[in-house]
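Just so it is clear, the structure is predicted and the values come from calculations on it, not from any experiment.
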Amino acid sequence: MSSNGGRTGAAYQRLCATLRAQHLPCAICGKNIDYQAPPRSSRSFSLNHKTPLNAGGSLLDPNNAEPAHLGCNSSLGDRPTTVDGTSRTW
């Protein structure tokens with residue numbers, strides 16, 4: 001495990017808390033996130049990395065983090081989101 005604690009570390013948890021507090025919509029589909037939903041619900045909050053970690057994106061960079069539904073984030077997988085927030089170029 002990395003020295004920063006990874007996704008269970010304090011820095012990552014602070015980043016998640018900062019995004020949650022903003023109550024922004026999902027960066028992938030644009031719909032509202034249910035910030036009160038149970039953690040494993042597909043409509044609950046998840047932190048999406050604009051540039052996936054396996055493509056060199058930073059785990060803790062706030063500029064690489066955006067709110068997403070857990071279901072949208074899981075469906076997106078390790079593909080980057082585009083500028084308009086979608087996973088695909090139309």
Side-chain angles (χ1 to χ4, degrees):
M1 181 172 9
S2 66
S3 61
N4 64 24
R7 291 187 172 129
T8 59
Y12 184 80
Q13 296 303 314
R14 279 192 301 273
L15 180 57
C16 286
T18 298
L19 283 176
R20 273 192 198 100
Q22 296 174 24
H23 288 110
L24 296 170
C26 177
I28 298 169
C29 74
K31 295 181 181 175
N32 289 334
I33 296 171
D34 182 355
Y35 286 91
Q36 303 303 316
R40 296 289 178 203
S41 166
S42 64
R43 306 304 293 165
S44 68
F45 167 83
S46 174
L47 188 151
N48 179 56
H49 292 95
K50 296 175 191 177
T51 301
L53 303 180
N54 67 357
S58 171
L59 177 70
L60 301 175
D61 180 1
N63 295 316
N64 192 39
E66 59 190 2
H69 291 113
L70 178 60
C72 291
N73 198 0
S74 296
S75 295
L76 182 64
D78 63 359
R79 296 181 307 269
T81 50
T82 60
V83 175
D84 67 355
T86 62
S87 60
R88 215 182 233 178
T89 303
W90 296 96

Query - Working for side-chain contact (heavy atoms from CB on, under 4.5 Å), residues Glu66 and Thr81 - result: CA-CA 10 Å; Glu66 59 190 2; Thr81 50; 2.9 Å; yes
Query raised in the report: How many angstroms lie between CZ in Arg7 and CG in Leu15, if you round to the nearest 0.5 Å?
Result: 11.5 Å
**Report entry** Gap separating the NE2 atom of His49 from the CG atom of Leu59, nearest 0.5 angstrom
**Finding:** 4.5 Å
Query raised in the report: Okay, side chain of Asn73, backbone of Leu47: is any donor-acceptor separation there less than 3.5 Å?
Result: yes
**Report entry** Ser74 side chain to Leu70 backbone, donor-acceptor under 3.5 Å
**Finding:** yes
Report summary line: All heavy atoms of Pro67 vs all of Leu24, minimum pair found to be CG-CB, 3.7 Å
Query raised in the report: Just how far is it from atom CZ of Arg40 to atom OG of Ser46, taken to the nearest 0.5 Å?
Result: 9.5 Å
Requested in this report: Measure the spacing between OH of Tyr35 and CZ of Arg20 and express it to the nearest 0.5 Å.
Outcome: 9.0 Å
Report task. Tell me, with the steps shown, if Cys72 and Ser75 meet side-chain contact (heavy atoms from CB on, under 4.5 Å). Result -> CA-CA 5 Å; Cys72 291; Ser75 295; 5.7 Å; no
Query raised in the report: Is the backbone N or O of Ser44 less than 3.5 Å from a side-chain atom of Gln36, with the two atoms forming a donor-acceptor pair by type?
Result: no
Report task. Kindly say whether Asn32 contributes a backbone atom to a donor-acceptor pair with the side chain of His69 at under 3.5 angstrom? Result -> yes
Query raised in the report: Closest approach of Asn63 and Asp61, non-hydrogen atoms and distance?
Result: N-OD1, 2.9 Å
Query raised in the report: Would you say Asn64's side chain and Gly57's backbone share a donor-acceptor pair under 3.5 angstrom?
Result: no
Query raised in the report: Roughly how far, to the nearest 0.5 Å, is the CG atom of Asp78 from the OG1 atom of Thr51?
Result: 12.0 Å
Query raised in the report: If only atom types and distance count, is the side chain of Lys31 paired as donor or acceptor with the main-chain N or O of Pro25 below 3.5 Å?
Result: no
Query raised in the report: How many angstroms lie between atom CZ of Phe45 and atom SG of Cys16, to the nearest 0.5 angstrom?
Result: 5.0 Å
